[in-house]
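Below: one structure, written as structure tokens.
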Amino acid sequence: MKRLFISIILVLLCASASVELMASEPETTRKERNMILKANEAFNEKDYEKAIELYNMALEINPASERAKYNLAVAMVKRADEIGGAGGNQQSISPASPNAADSLSVGLKQSANKIFNELYAGSTDLPTREMSVYNSGNILFSENELSQCIEQYKRALRLNPANDNARHNLRVAQLRMQQQQQNQDNQDNQQQEDEKDQKEQEQEQQQQPQPQQPQPQQPQQSNSENILNAAQQNESKTRQRLEKQQVPVAPRYHNKPW
């Protein structure tokens, strides 16, 4: 009976301590948490514009909230993709400005990338730093900033060598960068060959006697057309090679809030 009495007292003490802890929790913390929960609900309903607004309201309550910052950046990326794909509400974009959607999308991604970089540099939480620099790499990949996104994926892997998505995206970015370099090299070589052929033709024409009557000439393909055709042929060959190797040609994204 005595042991049962002691157990009841301990349970009551624990319950009392829990109530006191909840009562001592700052009101700002409760408001911030509730605001983030509401924002997450809007995010899950794919209302990214509303989610962005609510995450910003959470940051007004607590400007140091890393969770609100991270989720805000993720929502910005989703909203940017939605605008870029014309999948969102475009009423705020003037029909007279066809590039307004692209500009807004780019601006959102740049703002999100800034937040991710700040979290990577300033957070003491390892998963936050890892996922922030990883998502920064994804944004840079979408903007074709391949050398920078490769460095971001490498940073994510240094923080977590088991991040298979970062390793996958790193390989994709490296292959795309290699493909672009090959295309550029082929264009340069083709241009040099075209210039050489043009000089040889001019020399031959100067050495030949002038005919009494002009002969109709076949239209020659311009250098720019030759370069474009060579680039397209090389890109097609590279794509076929990647398909044979079964190498993925798109990055994997982490696009969920906390």
Side-chain angles (χ1 to χ4, degrees), residues 36 40 43-44 46 48 51-52 55 65-85 87 102 105-186 231 234-258:
I36 291 176
N40 289 350
F43 184 99
N44 292 331
K46 297 184 178 181
Y48 304 120
I52 290 172
Y55 288 134
S65 174
E66 292 185 354
R67 175 168 295 189
K69 289 179 181 179
Y70 179 89
N71 290 0
L72 171 62
V74 172
M76 284 179 169
V77 174
K78 295 293 289 184
R79 177 59 177 155
D81 291 339
E82 185 180 58
I83 294 171
D102 290 338
S105 178
V106 170
L108 284 169
K109 285 189 177 182
Q110 289 177 347
S111 298
N113 193 38
K114 182 179 179 181
I115 294 173
F116 284 138
N117 283 322
E118 289 175 352
L119 288 171
Y120 169 72
S123 177
T124 58
D125 182 65
L126 185 60
T128 299
R129 297 187 68 217
E130 173 198 349
M131 296 313 302
S132 294
V133 74
Y134 169 77
N135 282 327
S136 172
N138 290 339
I139 293 174
L140 292 168
F141 184 96
S142 70
E143 295 177 346
N144 204 36
E145 298 290 347
L146 297 180
S147 60
Q148 296 181 44
C149 85
I150 286 172
E151 182 59 33
Q152 296 295 71
Y153 291 141
K154 288 180 178 179
R155 288 172 176 170
L157 285 170
R158 292 189 193 105
L159 293 172
N160 180 15
N163 189 333
D164 291 335
N165 287 337
R167 185 173 292 102
H168 168 100
N169 291 3
L170 173 62
R171 180 58 177 158
V172 171
Q174 289 173 334
L175 286 171
R176 178 168 291 190
M177 191 172 184
Q178 179 182 356
Q179 176 185 346
Q180 291 184 358
Q181 185 60 49
Q182 289 176 349
N183 290 343
Q184 184 62 47
D185 291 343
N186 289 337
N234 181 72
E235 184 177 355
S236 177
K237 292 179 181 178
T238 303
R239 188 183 301 108
Q240 292 175 2
R241 189 184 75 252
L242 294 178
E243 291 175 353
K244 290 180 180 179
Q245 296 175 351
Q246 295 183 347
V247 176
V249 292
R252 296 173 182 169
Y253 291 90
H254 177 79
N255 52 12
K256 295 182 179 179
W258 285 346

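FYI, side chains are in, hydrogens and waters are out, and symmetry mates aren't considered; it's all heavy atoms of this structure.
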Within-4.5 Å side-chain heavy-atom neighbours: [X] and [Y]:
X	Y	value
E130	L126	no
N135	V77	no
R158	K154	yes
V74	F116	yes

Over all atoms of both residues, closest heavy-atom pair of [X] and [Y]:
X	Y	answer
L72	I115	CD2-CD1, 3.9 Å
I36	Y55	O-CE2, 4.1 Å
S132	Y70	OG-CD1, 3.7 Å
C149	G137	CB-O, 3.2 Å
M76	S111	SD-CB, 3.9 Å
A112	A73	CB-O, 3.5 Å

Test of understanding: with side-chain contact (heavy atoms from CB on, under 4.5 Å), list the residues that count as partners of [X], not counting sequence neighbours.
X	answer
E118	K114
E145	L140, E143, Q148
E66	L119, S123, D125, T128
A166	Y134, A156, L157, N163

Note to self: Under the rule for salt bridge (charged side-chain N to carboxylate O under 4.0 Å, His left out), what residues qualify as partners of R155, not counting sequence neighbours?
What the structure shows: E151
Roughly how far, to the nearest 0.5 Å, is the [atom2] atom of [Y] from the [atom1] atom of [X]?
X	Y	atom1	atom2	answer
M177	Q182	CE	CD	12.5 Å
N169	Q174	CG	CD	11.0 Å
Y153	L146	OH	CG	9.5 Å

Notebook entry, point to check: Between R167 and D164, does a salt bridge (charged side-chain N to carboxylate O under 4.0 Å, His left out) hold up when you go through it step by step?
Noted result: CA-CA 5 Å; R167 185 173 292 102; D164 291 335; 3.1 Å; yes
Check: Quick check: does any side chain N or O of N117 sit under 3.5 Å from a backbone N or O of N113, one acting as donor and the other as acceptor?
Finding: yes
Next item on the list: List in chain and number order the residues that pass side chain to side chain donor-acceptor pair (under 3.5 Å) with S105, two or more places apart in sequence or in another chain; answer none if no residue qualifies.
Entry: none
Notebook entry, point to check: When you check the side-chain N and O atoms of Q152 and N138, is any donor under 3.5 Å from an acceptor?
Noted result: no
Notebook entry, point to check: What residues, two or more places apart in sequence or in another chain, satisfy ring-ring contact (aromatic ring centres under 6.0 Å, His included) together with Y48?
Noted result: F43
